[in-house]
Protein chains: 2
Amino acid sequence: MAYTIKDVAKKAGVSIATVSRVLNNQPGFSEKTKKKVQHVIEELGYEPNAVARGLINNKTHTIGVLFPELSSMLVTDFLNGIETMAHELGSSVIVCHTEADGEKTMKYLQLLNEKRIDGIIFVSAILKEEYYNYIRKMGIPMVLLSTESYAYPVPYVKVNDQHAAYSATKYLLNKGHNKIGMISGSKDDLIAGKPRIMGFKMALKDSGIAFTEDNIIYSKGFGFQDGLDGMEKLMKQSPEISAIFAASDEIAFGALSFAYQHGIKIPDDVSIIGYDNLSIAEMAIPPLTTVGQPLIKMGKTAASMLFEMLESGNVFVENRILPHEILERETVREKR
Amino acid sequence: MAYTIKDVAKKAGVSIATVSRVLNNQPGFSEKTKKKVQHVIEELGYEPNAVARGLINNKTHTIGVLFPELSSMLVTDFLNGIETMAHELGSSVIVCHTEADGEKTMKYLQLLNEKRIDGIIFVSAILKEEYYNYIRKMGIPMVLLSTESYAYPVPYVKVNDQHAAYSATKYLLNKGHNKIGMISGSKDDLIAGKPRIMGFKMALKDSGIAFTEDNIIYSKGFGFQDGLDGMEKLMKQSPEISAIFAASDEIAFGALSFAYQHGIKIPDDVSIIGYDNLSIAEMAIPPLTTVGQPLIKMGKTAASMLFEMLESGNVFVENRILPHEILERETVREKR
DNA sequence: CTCTTTTACGTAAACGTTTACGTAGAGTGG
DNA sequence: CCACTCTACGTAAACGTTTACGTAAAAGAG
């Protein structure tokens, strides 16, 4: 069994209170006893028990992160950012993947509650009433990452999807394209679906280009297969378009693949711009032009916000809208 | 503040011992009091404090996972498997990314020790003496994932890299190629580097093909850039080869990209087989033929092993060599 | 030199559980 | 109806810390 504070106290010939004080740098000990205690600690290799500390301090220095899925490539970077910042601030991260399943999510929340974690980061999913109420009862701070809640006052960090989509579309317009299509995610998705569609439409409108429903494909999700299918439909439905805005990089990969399989040259025949800037975007063939979210930074920011709330005791903190940027690579070409 | 067992006891008119007994289904209470207690629990929404439980039971139902980096695409699937199995078995997962930094790793180990986690999964990195000794002192079980230790008796789960590399090479040979190159990782990497090189050489030898050092490029790591550079060197150095074994999928992507940029047709001019079967392998252009590791399954297996050790109290458990498989897609072609 | 303040501790309670032990009452066998 | 065994509890200690409170000695003020 590992040594306890008692062992240290006994060996150093002081009380456990004194040991605790030097451990936590609280006033009330002389330089001499400090040296003595530290020496014993060193000698025994004593390390304090965070569980016992957690019990009395009501603080576990652990936060929970809920992802809908661990397979999406977005989460890697988010997690990376969160973990880096959390560790920097002295906390550990427990990951949970809910598979976008309400029941599973509630089970996880219960587990996290029992573990008495300090805070929650909720990623890329809709914050249902049930979740919100439960977390509220837990009485710990929460921040949303890459999602937001219209119903509840929960701070979030995101990019402005509508602006970003607007930028992407505008970028294509500026390259001389005027027949532009979009492969969007679900139009019922209020977080990642609708705003991007809105941004797309708005950019067209602002450029005086008529929008027709034929130019947009609504897929179910934001995955590779959706891109593959979406591209097929779009090409059939609107063969005249010369550029496409894909609502995610994975969709763009699907579109790229379909194009490759059917002899459509990218960007010669049609230009494609993606959304996300996943690490593999630059590995694509050809390297994918995309509007990038600062994924790692977003993760870091979410973690910082959480710790800010933790320290200040505030239940709310300012939302953060991080800037997107367009990464010009090789899937978009000026229209001749 | 959340309710405690005392609140439940008082409200139910029993002692805390009784509440604890019904919570843990230990004998010593009547059906009637059980109902009564459960009713109060329901009513208050009481949930036990896992921290207090951890303190007295010396078990936190939490395991730690150490990754060298969270950005590699392998970890997503590993983590997915680990988290799924751990959760199934009632434990949470704390992720740590050590950035392959010894000092950082030790810091993490110390943190995990203080948190009194139940076990450790150590992924894709060399188990240094320092780490091993420390974990040993912690007195908790550990399993290695996608790595192994020659120096210490630690159970691991892996695929047989040498066999897998042999299979990959053999696959190319069977397609009629006899000038085969390899872009390997570091030859000093005893886990992922050397065995794959050995398998490659052995397959050539068994087919009676002379091996020349010109046909192999030793890169530093297993990333995209390594593939890009490696392909360039290889093409310059040995233009006669018709097929390439890439020691990782990311390397293969790099090679694919270089080929694309320089008008080398894959698989018409040269065939490529990768290693890993990352989820993006099938999104490549063209879809990447590769020898696949069952990544998620490996993660699950590692977690199962850890829990087996935890339950049985054994310090050791059988190693698991999981089968690899060749995924035939479109980057390898029969040689005319 | 005396009185007060400060310093440097020690003692013990508290955090929320589990569990060994004790005990009163019910049930059982003869 | 007695002796015994169960059953169904309650009491209190323990897990490893932190911290409020008490106190003796040292330091400082006059």
Side-chain angles (χ1 to χ4, degrees), chain A residues 1-38 40-41 44-62 90 110-111 113-118 138-139, chain B residues 1-38 40-41 44-62 90 110-111 113-118 138-139:
Chain A
M1 201 58 30
Y3 292 109
T4 74
I5 203 173
K6 282 182 200 162
D7 301 315
V8 177
K10 194 179 296 175
K11 187 147 189 177
V14 299
S15 77
I16 58 169
T18 300
V19 177
S20 175
R21 279 188 272 258
V22 345
L23 277 172
N24 299 293
N25 241 334
Q26 245 135 11
F29 54 85
S30 67
E31 195 61 24
K32 204 190 293 179
T33 53
K34 178 181 174 184
K35 288 270 181 271
K36 197 167 52 183
V37 168
Q38 284 181 333
V40 173
I41 287 176
L44 295 182
Y46 164 77
E47 274 168 19
N49 183 326
V51 179
R53 282 181 158 179
L55 181 58
I56 198 157
N57 290 333
N58 235 336
K59 196 144 191 297
T60 52
H61 292 280
T62 306
Q110 188 180 330
L111 191 74
N113 182 32
E114 292 187 2
K115 291 240 160 92
R116 299 298 193 262
I117 57 164
D118 299 334
M138 287 171 72
Chain B
M1 199 60 29
Y3 292 110
T4 75
I5 202 172
K6 282 181 199 162
D7 301 315
V8 176
K10 193 179 295 177
K11 186 145 189 179
V14 299
S15 76
I16 59 169
T18 298
V19 177
S20 175
R21 278 188 273 260
V22 343
L23 277 172
N24 300 291
N25 240 335
Q26 245 135 10
F29 55 85
S30 68
E31 194 60 26
K32 202 189 294 178
T33 53
K34 178 180 172 182
K35 288 268 181 275
K36 195 169 51 185
V37 169
Q38 284 182 331
V40 174
I41 287 177
L44 295 184
Y46 165 76
E47 274 167 18
N49 183 325
V51 180
R53 281 180 158 178
L55 181 58
I56 198 158
N57 290 332
N58 235 336
K59 198 148 190 297
T60 51
H61 292 280
T62 306
Q110 188 181 330
L111 191 74
N113 181 33
E114 292 187 2
K115 291 240 161 93
R116 299 298 194 263
I117 58 163
D118 300 335
M138 288 171 72

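Since the model is a prediction, treat every value here as computed from it, not as a measurement. Hydrogens, waters and symmetry mates are skipped; everything else that's a heavy atom, side chains included, is used. Residue numbers start from 1 in every chain, and the chains themselves are labelled A, B, ... in the order their sequence lines are given, proteins ahead of strands.
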Please report the closest heavy-atom contact between [X] and [Y], naming both atoms and the distance.
| X | Y | answer |
| --- | --- | --- |
| Val8(B) | Val19(B) | CG1-CG1, 3.9 Å |
| Glu47(A) | Asn113(B) | OE1-ND2, 2.6 Å |
| Arg116(B) | Val51(A) | CB-CG2, 3.9 Å |
| Asn24(B) | Arg53(B) | OD1-NH2, 3.6 Å |

In whole Å, what is the span from the [atom1] atom of [X] to the [atom2] atom of [N]?
| X | N | atom1 | atom2 | answer |
| --- | --- | --- | --- | --- |
| Lys10(B) | dG10(D) | NZ | P | 14 Å |
| Lys36(B) | dA8(D) | NZ | P | 13 Å |
| Leu55(A) | dG16(C) | CG | P | 7 Å |

For residues 31-38 of chain B, run the donor-acceptor check on the side chains, cut-off 3.5 Å, and write out each pair with its distance to 0.1 Å, sequence neighbours left out.
residue  : atom : partner  : partner atom : Å
Thr33(B) : OG1  : Ser30(B) : N            : 3.3
Thr33(B) : OG1  : Ser30(B) : O            : 3.0
Thr33(B) : OG1  : Ser30(B) : OG           : 3.3

**Request:** State whether the number of non-hydrogen atoms from other residues, nucleotides or ligands found under 6.0 Å of Lys11(A) atom NZ is greater than 12.
**Result:**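 No, NZ of Lys11(A) has 12 or fewer neighbouring heavy atoms, counting only those of other groups under 6.0 Å.
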**Message:** On the nucleotide dT7(C), are OP1 or OP2 found under 4.0 Å from the side-chain N or O atoms that Ser30(A) carries?
**Reply:**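 No.
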**Prompt:** Which is it for Ile41(B) and Leu23(B) under the side chain to side chain contact (heavy atoms under 4.5 Å, CB included) test, yes or no, and what are the steps along the way?
**Reply:** CA-CA 10 Å; Ile41(B) 287 177; Leu23(B) 277 172; 3.9 Å; yes
Between protein and nucleic acid, restricted to nucleotides 17-24 of chain C and to nitrogen or oxygen atoms under 3.5 Å apart, what atom pairs and distances do you find?
residue : atom : partner  : partner atom : Å
dT17(C) : OP1  : Tyr46(B) : OH           : 2.8
dT17(C) : OP1  : Asn49(B) : N            : 3.1
dT17(C) : OP2  : Ile5(B)  : N            : 2.7
dT17(C) : O5'  : Tyr46(B) : OH           : 3.2
dT18(C) : OP1  : Asn24(B) : OD1          : 3.3
dT18(C) : OP1  : Asn24(B) : ND2          : 3.0
dT18(C) : OP1  : Arg53(B) : NE           : 3.0
dT18(C) : OP1  : Arg53(B) : NH2          : 3.4
dT18(C) : OP2  : Ser20(B) : OG           : 2.5
dT18(C) : OP2  : Asn24(B) : ND2          : 3.3
dT19(C) : OP2  : Gln26(B) : NE2          : 3.4

**Message:** Please check this pair: side chain of Lys115(B) against backbone of Thr60(B), looking for a donor-acceptor N/O pair closer than 3.5 Å.
**Reply:**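 Pair absent, no side-chain N/O of Lys115(B) close to backbone of Thr60(B).
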**Request:** Looking at every strand, decide which applies to Val51(B) at a 4.0 Å heavy-atom threshold: base, sugar-phosphate, or nothing.
**Result:**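 Since no nucleic acid heavy atom lies under 4.0 Å of Val51(B), the category is nothing.
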**Item:** Terminal helix-axis angle for the helix from dC1(C)-dG30(D) to dG30(C)-dC1(D), with five pairs defining each axis and rounding to 10 degrees
**Value:**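 The two end axes of the helix from dC1(C)-dG30(D) to dG30(C)-dC1(D) meet at 30°.
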